[in-house]
Student: 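Got a structure for you, written out below as structure tokens; questions coming shortly.
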Amino acid sequence: MDRAAIVHENFRRRVAARDFPAGAPPAGPLEAVQAVAIYRAACLSRALDRQSRAMQKAGQGFYTIGSSGHEGMAAVAAALRPTDMAFLHYRDAAFQIARADQVPGQSVAWDMLLSFAASSEDPISGGRHKVLGSKALNIPPQTSTIASHLPKAVGAAYAIGAARRRPPEHRILPDDAIIVASFGDASANHSTAQGAFNTAGWTSYQAIPLPLLFVCEDNGIGISTKTPRGWIAAGFSARPGLRYFAADGLDIYQSFAVAAEAAHYVRHHRAPVFLHLGLIRLYGHAGADVPTTYLSREEVEADEANDPLLHMVRQLDQAGALAPADALAIYHDSAARVTRIAAEAVTRPRLKTATDVVASLIPPARPCAATNGPTPEARAAAFGADLKLINEPQPMSRLLNWALTDLMLAHPEIVMMGEDVGRKGGVYGVTQKLQARFGPDRMIDTLLDEQSILGLAIGMAQNGFIPLPEIQFLAYLHNAEDQIRGEAATLPFFSQGQYTNPMVLRIAGLGYQKGFGGHFHNDNSVAVLRDIPGLILACPSNGADAARMLRTCVRLAREEQRLVVFLEPIALYPMRDLHAEKDGAWMCRYPAPTETIALGEVGVSGTGTDLAIVTFANGNYLSHQALPRLTAAGIATRIIDLRWLSPLPEAGLLAAVQGCQHILIVDETRRSGGVAEALMALFAEQTAVPAARLTATDSFIATGPAYGATMPSADSIFQAALALIGGKA
Ligand SMILES: Cc1ncc(C[n+]2csc(CCOP(=O)(O)OP(=O)(O)O)c2C)c(N)n1
Ligand SMILES: [Mg+2]
């Protein structure tokens, strides 16, 4: 017999015999009606777990991670409001079921069974995952990556306070809401979780509002590895800025009382709490896991003897709320009901084709109030003395600063966050003066943790803000990239666009800083961003394009809810000259605030037909440096600036190379996994034009005199063009 069947038989036998595990008597404010509702939710959750296993055996269900042992989370849900957005651990079916009791018109068993069956009618993920979640219940679906939801829970909690001060147009959370975020005891060790606890504490320590209830569901084990006894209490009972509460999660009366007290503390003080619930895990980790392979039979049986449902029946009996015979009837009725509903759920349609699956990759557009842009007076006040310079050519960093100023004036829901973006105005000065112009509330100097920066952005986006987070250097995206790749990019996909986290992530990156910084300040790889489905990757090569493209990016985030990465080539921030000192040829005038460059629109310079150079960022700059030599060699050249690295602007590119005899791709990213690989494939598939590529070497970048040695140069571009065109020159 498998463990699920053993637990089931034990329950029936022991309730019938009134043979209950010992425990505290019922105490506290939980009323009989509520206690019975919690028990009903627990029975339904238990029945769903058993059903998921039966469905998997029958080939009708596809995932069996369950909630058995964690049914006490129903008491936590009962202590909260349905408007308290919940970022849940995968064992929290009972929480979701109990919350459904608080919202009229719910069909939670049907919804969950559709999800088990991977039916396209599953209201949360549309058959893309067996996942907890519901729009009506304020439960965004979470990924399987443990702890990765905690940074954004911190962000969402912060966003409640921020929205109180300046409500964004698309806000979701009421002023008095709190955020709840649950996770397992093993997950609490993850650096992502630790970063989130630290950020919550760091924030609250400064008396910044952060209404966040962390719930640690401590069952003493993570798959097969035990949590050292006392570890969670030792680690969390005295953390700065984080108030600690603890309860026995097998005792619903105590859990409810302590959760209510903890929630009250969070709501009243607007400060984070760590609620530590002691629970057990029944049936092992998931369907295929056999706990007796790593735990002794005695240990497994000891947990089974402590089945929380048995404790509930005991306490309900002691409280005079429900007789054991009636409790047993509810248990059986729940199981029968679930079996009946499941029989129907498995007949519902499933996703079949790639078209079905990708339908939710791109979030839906949302209606936005019209903005006329700032008044001249508002602009004059914000720009101050800069206004006098606005018609003079400027380097990219200055034009980006002005574009950001105009965008923040036009859209009060824009907030920026990052290391040193506020007071200092960024390492390269791009965000200078913005904190003075818009206040520390909109220009947030974060603590030094990239996961927290991105989590803050995601959480704020989920409450209607338009975040423009900054990662200081491209190489430092990597210790946090799951927040973009695993979290932000997948949220609309797994929620059919019901939950979105639009943003424009600014990253300073790429190489060519003369002798400065070595690889970590000159990272020349974008492979990790280019293969994220649904993500837009923009990369300007000059200041005017940067301003125009940034406006489009913000529009895409605001109106189309897109996830955008705006990669700013550091070496071009201060670039003034092209061919000779003081020629000023790489500076531009600030384009009027209404000017934009559309997504997919490439830049074409020149009309030559011998050669099309297809390039971007520093490659575009260097190709323009090479241009006089190419012209002198009799090679009529046009230079095409990609501008958009993902998705590749295929139509625009193919139109731009029309009539050219040769194509040279100049790509400052690496030969392997670089942008040129995709471009070569595109031209090979779509044209008959001979094409070659000049790329960076597969290497990291050196500091000192060899800073540019691995990447294309004006000279190597000229040589590559000659080699491609052969005899012509
Ligand atoms: C980042 C990450 N690493 C590994 C896993 C695989 N994994 C899934 S659950 C789990 C154990 C989690 O244990 P705990 O946090 O105690 O939660 P429990 O399952 O006990 O409720 C592991 C290692 C994962 N999902 N995510
Ligand atoms: Mg655990």
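Throughout, numbering of the chain's residues begins at 1 and tracks the sequence. Each ligand, and each atom within it, is numbered from 1 in the order the structure gives.
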Student: Take atom CZ in R297; do more than 12 heavy atoms of anything else shown fall under 6.0 Å from it?
Tutor: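 No - once you tally the heavy atoms of other residues, nucleotides and ligands closer than 6.0 Å, there are 12 at most.
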Student: Between the side chain of R281 and the main-chain N/O of I223, is any donor-acceptor distance below 3.5 Å?
Tutor: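 Side chain of R281 to backbone of I223, a donor-acceptor pair under 3.5 Å: yes, one is there.
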Student: At a 4.0 Å threshold, what atoms of ligand 1 neighbour a non-hydrogen atom of H89?
Tutor: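 Numbered from 1, ligand 1 contributes 17 (O), 18 (P), 21 (O).
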Student: Where does the angle between the aromatic ring planes of F700 and H519 fall among parallel (under 30°), tilted (30 to 60°) and perpendicular (over 60°)?
Tutor: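 F700 and H519: perpendicular rings.
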Student: May I ask you to identify the nearest protein heavy atom to atom 15 (O) of ligand 1, giving residue, atom name and distance to one decimal place in Å?
Tutor: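 Here the nearest protein heavy atom works out to S187 OG, 2.5 Å.
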Student: Short list, please: which atoms of ligand 1 are under 4.0 Å from a heavy atom of A186?
Tutor: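 It comes down to these atoms of ligand 1: 13 (O), 14 (P), 15 (O), 16 (O).
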Student: Counting backbone and side chain alike, does N219 bring an N/O/S atom below 2.8 Å of the Mg ion (ligand 2)?
Tutor: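 For N219, the answer is yes, given that an N, O or S atom comes within less than 2.8 Å of the Mg ion (ligand 2).
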Student: Take every heavy atom of E217, measure it against each atom of ligand 1, and state whether any distance is under 4.0 Å.
Tutor: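 No, E217 has no heavy atoms under 4.0 Å from ligand 1.
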Student: Verify the distance criterion only: is there a donor paired with an acceptor across the side chains of E481 and H478 at less than 3.5 Å?
Tutor: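 There is such a pair (donor and acceptor under 3.5 Å, judged by atom type) between the side chains of E481 and H478.
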Student: Nearest N/O/S atom of D185 with respect to the Mg ion (ligand 2), by atom name, please.
Tutor: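 Output for this pair reads OD1.
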Student: So which of Q462, Q451, M460 actually passes side chain to side chain contact (heavy atoms under 4.5 Å, CB included) with K152?
Tutor: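 When Q462, Q451, M460 are each tested with K152, the side chain to side chain contact (heavy atoms under 4.5 Å, CB included) holds only for Q462.
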Student: Could you establish whether F183 and ligand 1 come within less than 4.0 Å of each other, counting only heavy atoms on the residue side?
Tutor: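 It does not; every heavy atom stays at 4.0 Å or beyond.
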Student: Classify the angle between the aromatic ring planes of Y90 and H285 as parallel (below 30°), tilted (30 to 60°) or perpendicular (above 60°).
Tutor: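 Rings of Y90 and H285: perpendicular, as their planes differ by over 60°.
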Student: Would you check if the Mg ion (ligand 2) lies under 2.8 Å from any N, O or S atom of A186?
Tutor: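 For A186, the answer is no, given that no N, O or S atom comes within less than 2.8 Å of the Mg ion (ligand 2).
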Student: So which heavy atom in the protein is nearest atom 6 (C) of ligand 1, and how far is it from that ligand atom?
Tutor: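 Protein heavy atom at minimum distance: I223 CD1, 4.5 Å.
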Student: How about R40: does its CZ atom have over 12 heavy atoms from other parts shown lying under 6.0 Å from it?
Tutor: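 No, not enclosed.
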Student: For atom 4 (C) of ligand 1, is the nearest protein heavy atom closer than 4.0 Å?
Tutor: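 Protein heavy atom within 4.0 Å of atom 4 (C) of ligand 1: absent.
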Student: Name the orientation class of the two ring planes belonging to H129 and Y63 (parallel below 30°, tilted from 30 to 60°, perpendicular beyond 60°).
Tutor: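 Tilted, since the angle between the ring planes falls between 30° and 60°.
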Student: Taking heavy atoms and a distance under 4.0 Å, where does T192 meet ligand 1: side chain, backbone, both or neither?
Tutor: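 For T192, there is no contact with ligand 1 at all, from either part.
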Student: Can you list the ligand 1 atoms lying under 4.0 Å from a non-hydrogen atom of H190?
Tutor: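 Within the 4.0 Å cut-off of H190, ligand 1 contributes 1 (C).
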Student: Does the cation-pi check pass for R128 over F493, that is, NZ or CZ under 6.0 Å from the six-membered ring centre and within 45° of its axis?
Tutor: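 Yes, R128 sits over the ring of F493.
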Student: Should you measure from each heavy atom of N219, which atoms of ligand 1 turn up under 4.0 Å away?
Tutor: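 What qualifies from ligand 1 is 18 (P), 20 (O), 21 (O).
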Student: Only heavy atoms of S144, strictly under 4.0 Å: list the atoms of ligand 1 that pass.
Tutor: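 Under 4.0 Å from S144, ligand 1 has these atoms: 24 (C), 25 (N), 26 (N).
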Student: Indicate yes or no: does an N/O atom of I146 lie under 3.5 Å from an N/O atom of ligand 1?
Tutor: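 Yes; at least one N/O pair falls below 3.5 Å.
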Student: Please identify which atoms of ligand 1 are closer than 4.0 Å to at least one heavy atom of T145.
Tutor: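 Checking each atom against T145, I get 1 (C), 26 (N).
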Student: Identify the protein heavy atom lying closest to atom 17 (O) of ligand 1, giving its residue, its atom name and the separation to 0.1 Å.
Tutor: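 Heavy-atom neighbour on the protein nearest atom 17 (O) of ligand 1: Y90 OH, 3.3 Å.
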Student: Please write down residue, atom name and distance for the protein heavy atom closest to atom 13 (O) of ligand 1.
Tutor: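 Here the closest protein heavy atom is G222 CA, 3.2 Å.
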Student: How are the rings of F236 and F197 set relative to one another: parallel (under 30°), tilted (30 to 60°) or perpendicular (over 60°)?
Tutor: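 F236 vs F197 ring planes: perpendicular.
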Student: With a 4.5 Å cut-off on side-chain heavy atoms, are M503 and I458 touching?
Tutor: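 Result yes, sub-4.5 Å side-chain heavy-atom pair found.
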